[in-house]
Amino acid sequence: MCGIVGYIGHREAYPIVLKGLKRLEYRGYDSAGIALYDGEKIKLSKTKGKVADLEERLEKEISTNGTIAIGHTRWATHGVPNDVNSHPHYSNSGDLVIIHNGIIENYDSLRKELEKRGYTFTSDTDTEVLVNLIEDVQINEKVKLGKAVQIALNQTIGAYAIAVFDIKKPNEIVVARLGSPLAIGIGEDEFFIASDASPFIEYTNNAIYLEDGEMAVVRRGKEIKIRKIKNDRKVAPYIQELQLNLEQIEKGGYDHFMMKEIYEQPDAISDTYRGRMLAAEGIIKMAGVDDNLAKLLNAKRIIIIACGTSWHAGLVAEYIFEELVRLPVEVEYASEFRYRNPVIHQDDVVIAISQSGETADTMAAIKMAKEQGAFVFGVCNVVGSSISRETHAGAYTHAGPEIGVASTKAFTTQITVLALIALKLAERKGTISNSEFYSYLQELERIPAKVKKALTYNDQIIPIAKAYKDAKNFLYLGRGFNFPVALEGALKLKEISYIHAEGYPAAEMKHGPIALIDEHMPVVVIATKKGHYDKVVSNIQEIKSRKGKIIGIVTEGDVTVRELADHVIEIPETEEFLMPLLSTIPLQLLSYHIAVLLDKNVDQPRNLAKSVTVE
Ligand code: G6P
């Protein structure tokens with residue numbers, strides 16, 4: 001988490017870094033800061049709060065001329081979010097200035113060592129320790145900044161993406177990464193540094209993504225120099241052409257990124273299968289799958305690892321793989337999996353799902369699975385992300401940038417990719433018939449239009465949001481394929497409206513949550529025709545007889561639930577295994593409207609971050 005941005009070149013650095021910070025705010029928004037060198041001295045400003053607060057302060061406080069600057073938007077780990085703990089941080093001499101994304105785990109012992117040598121600290125951060133360690137090395141070893149950074153980093157344990165410069169040599173910025181992402185945009189005699197490419201997309205299409213354990217010295221007007229932090233080995237720069245465009249990272253007329261992303265789902269889903277699925281011909285082509293077909297077909301078990309919404313997509317995939325491919329599937333929280341002693345066999349296939357491709361726990365779980373000999377397949381959205389590079393093979397979701405912290409289109413496109421893989425394996429294994437295979441592909445091709453239709457019911461959801469926005473608790477119920485959707489619906493509401501919500505398998509309600517039901521409890525029940533309909537209807541009766549308020553998600557034309565429920569929201573009919581792609585839509589819209597009505601910050605909910613690069 002945390003976003004870092006830097007610029008060195010011939011343009012005014014301030015507007016570039018400030019705009020870049022706004023684009024990276026999804027990574028954290030507890031505090032923000034910028035350090036700019038104006039040719040004589042450093043101008044540093046930082047504040048608790050959002051980048052907009054920093055902007056206001058900056059415009060009052062300092063003139064902003066200068067062609068080298070670094071900036072930071074923080075998700076607090078060490079030290080509460082306040083002005084002092086905000087980045088950038090100075091070294092004791094005031095010469096070095098640093099920004100950092102990650103955690104230096106041994107900062108406490110390093111700090112004590114430095115204190116013995118006379119260093120003092122104003123903040124509670126691990127970052128201030130790191131910048132003073134670099135300074136200490138620079139002074140004692142009489143080495144250049146790049147070397148000092150390297151020596152210092154070799155004494156640290158933890159994760160980092162850093163950018164640091166020395167005001168005595170304001171022609172270079174030293175950057176390094178381990179465990180946190182760092183991209184370098186290459187312009188004409190200028191460099192852009194950022195946690196992802198979005199801050200520099202309008203300036204250059206050429207970027208280098210530093211690999212873990214690499215550092216680089218970027219010098220104004222010079223070639224970039226990359227080295228391995230551990231052994232000092234030189235690395236040839238690998239410049240990639242970016243596929244991102246500006247439109248994709250702007251709101252495009254919507255009030256919030258979340259709403260834009262909800263409405264992008266029909267296109268995002270078709271982008272996911274475009275070029276991979278030829279429904280009329282009964283073909284699924286996916287390079288990552290085709291190149292490893294034997295491994296996937298011979299797998300005795302699939303283990304899915306993920307966090308958050310991606311974990312919910314994994315649960316949907318469990319139902320899909322078991323139903324279509326008849327393969328046992330286990331779905332694990334990456335954070336639990338990595339610290340257990342899981343039994344992994346050589347013929348297990350591990351599927352790691354991650355929108356950002358940077359989640360620290362998922363990354364660590366992948367490394368562990370690889371060490372134990374499993375074949376690891378990644379399902380990521382962000383092209384070139386750490387997880388997409390760490391896995392043996394994979395498939396991108398191609399959802400386009402997802403900026404709203406509450407994940408929406410990432411979820412549906414993850415399910416789409418996983419359904420494609422399951423369909424391909426099922427066809428090869430013969431666990432579904434040829435005619436089923438053809439008809440499932442055709443149905444998948446109809447899904448974008450059906451999502452569009454589900455979105456047309458948006459106006460009916462607003463009055464429901466108004467009726468329940470002040471509820472203290474919500475219950476979400478679903479069965480079978482719709483059970484993970486219930487979990488996801490509850491998560492969406494919690495994340496952006498701060499209303500407590502629980503997702504439950506509808507039948508399991510009797511074993512506890514039913515005690516919560518009274519006339520104040522809204523219960524969202526997914527009661528689609530093919531999803532154990534009669535059983536869910538019985539569950540609805542149970543809620544009704546305890547006076548709970550029922551919001552039913554039903555298939556078009558439903559009569560029974562309409563009679564029982566207080567409200568219904570319709571969605572089109574589809575195959576049961578594809579239903580999560582539709583049943584999740586009204587739940588996304590319901591939480592969105594409730595959050596807007598409650599005046600919450602939909603795109604940047606408190607305490608959360610889009611990309612969780614700390615464990
Ligand atoms: C954070 C985000 C969630 C996301 C989860 C996993 O908690 O706020 O929206 O589902 O991380 O992220 P990943 O990028 O690995 O899918």
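One-based numbering, in listed order, for ligands and for the atoms of each. What you are looking at is a predicted structure, and each value in this text was computed from that prediction instead of being measured. Values reported hereafter were calculated over all heavy atoms of this structure, with side chains retained and with hydrogens, waters and symmetry mates removed.
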Protein residue, atom and distance nearest to [atom], heavy-atom basis:
atom                   : result
atom 9 (O) of ligand 1 : V405 O, 3.3 Å
atom 4 (C) of ligand 1 : T309 N, 4.2 Å
atom 8 (O) of ligand 1 : A609 O, 2.9 Å
atom 5 (C) of ligand 1 : C307 O, 4.0 Å

Under 3.5 Å: N/O of A406 near N/O of ligand 1: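 No; every N/O pair is 3.5 Å or more apart.
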Counting each atom of ligand 1 from 1 as listed, which ones have a heavy atom of [X] under 4.0 Å away?
X    : result
S310 : 10 (O), 13 (P), 16 (O)
G308 : 10 (O)
S354 : 13 (P), 14 (O), 15 (O), 16 (O)
K610 : 1 (C), 2 (C), 11 (O)

query: What do you reckon, does A306 put a non-hydrogen atom under 4.0 Å from ligand 1?
result: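 It does not; every heavy atom stays at 4.0 Å or beyond.
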- request: Tell me, please: is L608 in heavy-atom contact with ligand 1, that is, under 4.0 Å?
  value: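 It does not, in that no heavy atom of L608 comes within the 4.0 Å cut-off of ligand 1.
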[X]/[Y] ion pair, N-O < 4.0 Å:
X    : Y    : answer
R301 : E330 : yes
R74  : D30  : no
D53  : K50  : no

Would you say [X]'s side chain and [Y]'s backbone share a donor-acceptor pair under 3.5 angstrom?
X    : Y    : value
H72  : S86  : no
T272 : T397 : yes
D267 : E264 : no
K600 : I496 : no

Criterion side chain to side chain contact (heavy atoms under 4.5 Å, CB included) against V316, the qualifying member of F577, F411, F321: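 That would be F411.
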- request: Could you name the option among V612, D361, T359, T408 that has the heavy atom nearest to atom 13 (P) of ligand 1?
  value: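 Heavy atom nearest to atom 13 (P) of ligand 1 belongs to T359.
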